[in-house]
Engineer: 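Here it is, the structure in full.
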Protein chains: 2
Amino acid sequence: MTKQQSRTLQTRARLLDAAQEIIGELGYEGLRTQEVVKRAGVAKGTFFAHFPDKDALMEILIAAEMDAFLDQAETAPTPDSIEALMAMIMPLIDFMRCERYVFDVILRHSGAAAKDNIGPIALTFARQDEVFTKLLENAPFRKDISAGLMGEGIQAFAIQALALDFCTINNEMPLEERLSIYLDAWLLPEG
Amino acid sequence: MTKQQSRTLQTRARLLDAAQEIIGELGYEGLRTQEVVKRAGVAKGTFFAHFPDKDALMEILIAAEMDAFLDQAETAPTPDSIEALMAMIMPLIDFMRCERYVFDVILRHSGAAAKDNIGPIALTFARQDEVFTKLLENAPFRKDISAGLMGEGIQAFAIQALALDFCTINNEMPLEERLSIYLDAWLLPEG
DNA sequence: CTCCAAAATTGACCATGGTCATTTTATATG
DNA sequence: CATATAAAATGACCATGGTCAATTTTGGAG
């Protein structure tokens, strides 16, 4: 009963290519499903036969970018200071703040979808945990908590710093400075 | 040139009442603007003459609930332990997780709108900062960082705990337990 | 009281994400 | 090759948030 896969894969690839092309021109927020199917040369319904909804497509594309940053982080040496850690995660953070819409999509899906299946972005966050845990195991930071917990805190503070960075009340301080303060207090407490 | 205010206020109140009524029956996610204007007895356009968009209405209603919790927290005594602190903030957290949609709205607006004006939810978060700062000033927690910074961390960890609680990967641990672990590590470090 | 300008309201209309019964296409089988 | 059948694609259609030119209401000035 296993029938035509090549056609399916081809269509999916065309949709993804078209989406990426549009994002290159108009940014993530500017993407319209109508334009995607038009460029892919398929009908509206075909889009939704391949992706449950528009968010699912966005998740795939955004998670792919985030994963690329994690690939780099994975091969990096153990950070020997907060600065080294910051340098390692800033590329990812910069992507996360490239558009308000991107940050919103990431937020919506970081804690996984409301549905039962786990989306690409939630998987990326899980992978972040792993990567951070491994990196922090031998780093010269506090020793009273596990590397995994340290990693979760870094995630939490990164999101907090990003949220405040998008905020008009609080954006007199640059994101990097704010995040540095958070990470100092979190990873090198003196009390 | 100052003309009719009573009419405006009345209409606005009717819209808000209708919205609250619907939320009582169907929850926040179940609210449709069409149903709001129908119950308020006005036309569709009137809704958008009073609120920039549906999110703005949601913000008002959700921020009002959150503010009520802050009112209580404001009159509470200084927490003398993590448990006491948790007891103080759990009502607010429970509201924030009452619906996935509610949490999403809060997240979207906690870091303020992308626009230049500051929404009610962002103001609530700013007020949270103030309330926490005052409460933590004399609390028996770490002394190496400011009360304000401690408060920001509590916010960050609360959101992280909420996000993971909505997540299918990570919800084998109850929110309260996870948040306790975070706050212990954040407010009472031993390294 | 009449008339005017600003404020408020209206509802037809639009944009866009998403659905689904129907049609087309590919492939396995006799 | 002909046929059956399941996968894939189609596009008219729907739901809902949001817009805006036209209309009605309001309160004050003369």
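Only this structure's heavy atoms are used, side chains among them; waters, hydrogens and symmetry mates stay out. Predicted model, so just to flag it, every value in this text is computed and none were measured. We name chains A, B, ... by the order of the sequence lines, and we start the count at 1 in each one.
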Engineer: Could you state the atom-to-atom distance from CZ of B/R12 to P of C/dT9 in whole Å?
Structural biologist: 12 Å
Engineer: So how far off straight is the helix from C/dC1-D/dG30 to C/dG30-D/dC1, going by the axes through five pairs at either end, to 10°?
Structural biologist: 20°
Engineer: Under a 4.0 Å N-O cut-off, is there an ion pair linking B/D165 with B/R178?
Structural biologist: no
Engineer: Is there a side-chain contact between A/I145 and A/W186 (heavy atoms, below 4.5 Å)?
Structural biologist: yes
Engineer: Report yes if the side chains of B/Y28 and B/V105 come closer than 4.5 Å at any heavy-atom pair, otherwise no.
Structural biologist: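 A side-chain contact under 4.5 Å is absent here.
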Engineer: Taking the side chain from B/E99 and the backbone from B/E29, do they hold a donor-acceptor pair closer than 3.5 Å?
Structural biologist: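 Present.
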Engineer: Output yes when at least one side-chain N/O atom of B/T11 is less than 4.0 Å from OP1 or OP2 of C/dA8, else no.
Structural biologist: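 For B/T11, the contact criterion (side-chain N or O under 4.0 Å from OP1 or OP2 of C/dA8) is not met.
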Engineer: Please list, pair by pair, any protein nitrogen or oxygen found under 3.5 Å from a nitrogen or oxygen in nucleotides 17-24 of chain C.
Structural biologist:
from	atom 1	to	atom 2	distance (Å)
C/dG17	OP1	A/K54	NZ	2.9
C/dG17	OP2	A/T33	N	3.1
C/dG17	OP2	A/T33	OG1	2.8
C/dG17	N7	A/K44	NZ	3.4
C/dG18	OP2	A/K54	N	2.7
C/dG18	N7	A/K44	NZ	3.2
C/dG18	O6	A/K44	NZ	3.1

Engineer: For the CD atom on A/Q34, are there more than 12 heavy atoms of other groups (residues, nucleotides or ligands in this structure) within a distance under 6.0 Å?
Structural biologist: no
Engineer: Could you check how far CG of A/L57 sits from P of C/dT16, rounded to whole Å?
Structural biologist: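 To the nearest whole Å, that distance equals 16 Å.
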Engineer: Is there side-chain contact between B/T78 and B/E137, with at least one heavy-atom pair below 4.5 Å?
Structural biologist: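 Of all side-chain heavy-atom pairs linking B/E137 with B/T78, none is under 4.5 Å.
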Engineer: So do the side chains of B/L92 and B/Q128 get within less than 4.5 Å of each other, counting heavy atoms only?
Structural biologist: yes
Engineer: Checking A/R12 now: which residues fulfil salt bridge (Lys or Arg N to Asp or Glu O under 4.0 Å) with it, not counting sequence neighbours?
Structural biologist: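 For A/R12 there are no salt bridge (Lys or Arg N to Asp or Glu O under 4.0 Å) partners, ignoring immediate neighbours.
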Engineer: D/dG27 P sits how many Å from B/L9 CG, rounded?
Structural biologist: 13 Å
Engineer: Are side-chain heavy atoms of B/M66 and B/F95 found at a separation under 4.5 Å?
Structural biologist: yes
Engineer: Only counting residues at least two apart or in another chain, list the ones meeting salt bridge (Lys or Arg N to Asp or Glu O under 4.0 Å) with B/E176.
Structural biologist: none
Engineer: To the nearest Å, how far apart are B/E35 CD and D/dA15 C1'?
Structural biologist: 14 Å
Engineer: With ring-ring contact (aromatic ring centres under 6.0 Å, His included) as the rule and sequence neighbours excluded, what pairs involving residues 49-88 of chain A come up?
Structural biologist: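 Residue pairs passing ring-ring contact (aromatic ring centres under 6.0 Å, His included), neighbours aside: A/F47-A/F51.
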Engineer: If I take atom NZ in residue A/K38 and atom C1' in nucleotide D/dG11, what distance separates them, rounded to the nearest angstrom?
Structural biologist: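 For the pair A/K38 NZ and D/dG11 C1', the rounded distance is 16 Å.
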Engineer: Pull out every residue in residues 14-28 of chain A that has a heavy atom closer than 4.0 Å to any atom of DNA chain D, ordered by number, or say none.
Structural biologist: none
Engineer: Just to confirm, is there a sub-4.0 Å distance from OP1 or OP2 of C/dA8 to any side-chain nitrogen or oxygen of B/H50?
Structural biologist: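 The answer is no; no side-chain N or O of B/H50 sits under 4.0 Å from OP1 or OP2.
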